[in-house]
Amino acid sequence: MVDFTLTDEQKDLREMAHNFAENEIRPVAWEYDKDGTWPQEIIDKAWEVGLMNTHIEEEYGGPGLDYLSGCLIEEELGWGCSGIGTSLAANGLAAAPIQVGGSEETKKKYLEMLTESPKMAAFCLTEPDAGSDVAGMKTRAEKKGDKYVLNGSKCFITNGQYADFYTVYAKTDPDAGSRGISAFVVDRQDGITIDKKEDKMGQRASNTATVTFNDVEVPAENMIGEENKGFKLAMMTLDRTRPGVAAMAVGIARAAMEAAADYSKERQQFGVPIAMHQAIQFLIADMAVKVDASRLLTWQSAVQLDQGIRNTLTSSEAKRFAADSAMEVTTDAVQVFGGYGFIKEYPVEKFMRDAKIMQLYEGTSQIQRMVIAREILLPRNV
Ligand code: COS
């Protein structure tokens, strides 16, 4: 039997996240967006109430929430402001490889660092010349005695400027393609330079920076998992985090739909509220279908994780569909607002700008289609 009923605990969590988004995030979101300000105050409050590091297991001080609960929270944060939501959620992306492949010592040291105080972490995969093509990365990690020495540059790194540690992917065997990449936990230290805080179209309250490693020495025990197995670790990480990104896209789309529906009942044209016109009704109806269908796929991909079922297919389906739907819904919401939708006095232009990144980060919509097609055409057991 398929039962979409949430537990009382899940309902409470969703309500708590919604209230946080409504009372703490929304009142300041447009200011943070305008100035591209780092939302430290909100991060501190979110950490305090338990809206960060939600998947970290109880033994390392986290709440050990299931993935479905995580998606409920991320939808509400995305509804509040997906820029701030991304800042809050990025620790989850950086922690996931440690949870999947880290040694007991690494888990204890770094996961507890996040749960003991509001510290930040960043996931460093993308490079200027290696975005979709992960295996094309150039960052090197060379073994020297009981250390690895890292050199290279990672770009578009969420929370890059504020991270206390980084999970970094680097080539340990440069001639072996995807089979020559290893992952490391790297403490913030001299030798790491942070620059180029990006001035972005949307999600302006999240920090996106370039992080460069100049002869950074990392103890060999900071390798996550086995040498040259980092590519798989990255893919397994993204399987786990894409449902959360999809959930955030659902939140953005829902926020835009609600704004458009409310506005359509107020705005009068041709002597009636525009909600009386079928042209507007059909736009709103299609928004509702996209929001609900996106959420269903998102929940499915999360529940599979909770059940220990490989979710590569559904997590890419959810991310693809929810991200593209968020772009469509927010664009249509601007349409419902007409000329007013195009100006910053109204909320929907921000939703539209924020939605765009959902089709780009954690794998573009085209990469999701590649993953989906491969899973259908060449299913593999990994
Ligand atoms: N789980 C476990 N292992 C996986 C996996 C998954 N989801 N996906 C792939 N693998 C394994 C494969 O089984 C293969 O293993 P072997 O070396 O043992 O054969 C290996 O990884 C290489 O896989 P593949 O041949 O499919 O790699 P490609 O270089 O063709 O790349 C894509 C695959 C394009 C899907 C991958 O590079 C990707 O996801 N790119 C997007 C990255 C991204 O999301 N970037 C955004 C920044 S992160 S915030």
Side-chain angles (χ1 to χ4, degrees), residues 21 29-30 33 71 74-86 89 126 131-132 156 158 198-206 208 238 241-264 279-280 282-301 314-344 346-373:
W30 275 262
D33 173 71
C71 285
E74 292 208 33
E75 181 179 331
E76 298 312 315
L77 298 178
W79 176 90
C81 169
S82 64
I84 294 172
T86 292
T126 300
S132 296
F156 302 151
T158 303
E198 305 292 353
D199 189 7
K200 307 191 296 288
M201 169 199 277
Q203 293 208 345
R204 292 175 52 78
S206 75
T208 310
L238 295 170
T241 54
R242 283 175 180 154
V245 177
M248 207 168 284
V250 177
I252 302 172
R254 197 183 101 216
M257 178 183 74
E258 288 172 5
D262 289 348
Y263 181 78
S264 72
I280 300 297
F282 282 11
L283 283 176
I284 306 273
D286 283 349
M287 290 181 196
V289 174
K290 285 170 187 167
V291 168
D292 286 341
S294 298
R295 186 184 296 111
L296 284 176
L297 261 178
T298 300
W299 283 17
Q300 188 192 4
S301 65
T314 53
S315 95
S316 281
E317 285 177 343
K319 163 77 167 65
R320 206 296 281 155
F321 190 74
D324 290 351
S325 294
M327 197 64 241
E328 290 161 12
V329 169
T330 54
T331 306
D332 284 346
V334 170
Q335 195 68 24
V336 170
F337 275 73
Y340 292 110
F342 198 62
I343 58 179
K344 288 185 185 286
Y346 291 85
V348 284
E349 65 85 34
K350 174 179 182 297
F351 297 142
M352 188 175 163
R353 286 186 288 107
D354 287 348
K356 186 63 212 172
I357 190 66
M358 311 311 290
Q359 296 178 298
L360 302 171
Y361 68 9
E362 291 204 32
T364 61
S365 291
Q366 287 67 31
I367 285 292
Q368 307 310 330
R369 287 180 175 90
M370 268 175 69
V371 174
I372 294 163

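Everything numeric here is computed off the predicted structure, so don't read it as measured data.
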- side chain to side chain contact (heavy atoms under 4.5 Å, CB included) between Lys344 and Glu349: does it pass, once the steps are laid out? CA-CA 6 Å; Lys344 288 185 185 286; Glu349 65 85 34; 3.3 Å; yes
- For Lys350 and Cys81, the nearest pair of non-hydrogen atoms, with its separation, is NZ-SG, 3.2 Å
- Task: Report yes if some heavy atom in the side chain of Asp332 is under 4.5 Å from a heavy atom in the side chain of Val336; otherwise report no.
- Result: no
- Note on the structure: In terms of heavy-atom contacts, Thr330 and Ala256 come closest through CG2-CB, 3.8 Å
- Task: Check the surroundings of atom CD in Gln335: do more than 12 heavy atoms from other residues, nucleotides or ligands lie under 6.0 Å from it?
- Result: no
- Query: Atom CZ in Arg295, atom OG in Ser325: separation rounded to 0.5 Å?
  - Reply: 12.0 Å
- Message: With rounding to the nearest 0.5 angstrom, report the CH2 to CZ distance, Trp79 to Phe351.
- Response: 8.0 Å
Side-chain donor-acceptor distances from residues 241-253 under 3.5 Å, at least two apart:
{"from": "Thr241", "atom 1": "OG1", "to": "Thr237", "atom 2": "O", "distance (Å)": "3.2"}
{"from": "Thr241", "atom 1": "OG1", "to": "Glu362", "atom 2": "OE1", "distance (Å)": "2.7"}
{"from": "Arg242", "atom 1": "NE", "to": "Glu362", "atom 2": "O", "distance (Å)": "2.8"}
{"from": "Arg242", "atom 1": "NH2", "to": "Glu362", "atom 2": "O", "distance (Å)": "3.4"}

- Query: Measuring from Thr314:OG1 to Leu296:CG, what's the distance to the nearest 0.5 Å?
  - Reply: 12.5 Å
- Message: Would you say Tyr361 and Thr126 are linked by a side-chain donor-acceptor pair, where the criterion is simply a distance under 3.5 Å?
- Response: no
- OG1/Thr331 to CG/Leu283 distance, rounded to the nearest 0.5 angstrom? 11.0 Å
- Query: Any salt bridge (charged side-chain N to carboxylate O under 4.0 Å, His left out) pairs touching residues 249-260, not counting sequence neighbours?
  - Reply: Glu75-Arg254, Glu76-Arg254, Arg254-Glu258
- Task: Could you tell me whether the side chain of Val348 reaches within less than 4.5 Å of the side chain of Met352, counting heavy atoms only?
- Result: no
- Sequence neighbours excluded, which residues qualify as ring pair (Phe, Tyr, Trp, His ring centres under 6.0 Å) partners of Tyr263? Phe337
- Query: How far does CG of Leu297 sit from OG of Ser316, to the nearest 0.5 angstrom?
  - Reply: 11.0 Å
- Note on the structure: Tightest non-hydrogen contact, residues Gln368 and Gly363, listed as NE2-O, 2.9 Å
- Item | Heavy-atom pair of closest approach, residues Ser294 and Ala322 | OG-CA, 3.5 Å
- Can you tell me if CZ on Phe321 sees more than 12 non-hydrogen neighbours from other groups inside 6.0 Å? yes
- Residues in ring pair (Phe, Tyr, Trp, His ring centres under 6.0 Å) contact with Trp299, at least two apart in sequence or another chain: none
- Task: Return the set of residues passing ring pair (Phe, Tyr, Trp, His ring centres under 6.0 Å) with Phe342 (not counting sequence neighbours), or none when no residue passes.
- Result: none
- Item | Residue pair Gln203 / Ser82, side-chain donor-acceptor N/O under 3.5 Å | yes
- May I ask you to check whether Gln359 and Lys356 show a side-chain donor-acceptor distance below 3.5 Å? yes
- Lys200 side-chain N/O to Asp354 backbone N/O, donor-acceptor pair under 3.5 Å: no
- Message: If I compare all heavy atoms of Ser264 with all of Ile284, which pair ends up nearest, and what's the gap?
- Response: OG-CD1, 4.4 Å
- Taken in chain and number order and not counting sequence neighbours, the residues that satisfy salt bridge (charged side-chain N to carboxylate O under 4.0 Å, His left out) with Asp324 are Arg320, Arg369
- Query: Can a salt bridge be assigned to the pair Asp33 and Arg353 using a cut-off of 4.0 Å between side-chain N and carboxylate O?
  - Reply: yes
- Item | Flag side-chain contact, heavy atom, 4.5 Å: Met201 against Ile357 | no
- Do you see a donor-acceptor pair shorter than 3.5 Å between the side chains of Glu198 and Thr208? no
- Item | Donor-acceptor under 3.5 Å (Thr364 side chain, Leu360 main chain) | no
- Task: Give the C-alpha distance, both sets of side-chain angles, the deciding distance and a yes or no for side chain to side chain donor-acceptor pair (under 3.5 Å) between Thr298 and Lys319.
- Result: CA-CA 8 Å; Thr298 300; Lys319 163 77 167 65; over 6 Å; no
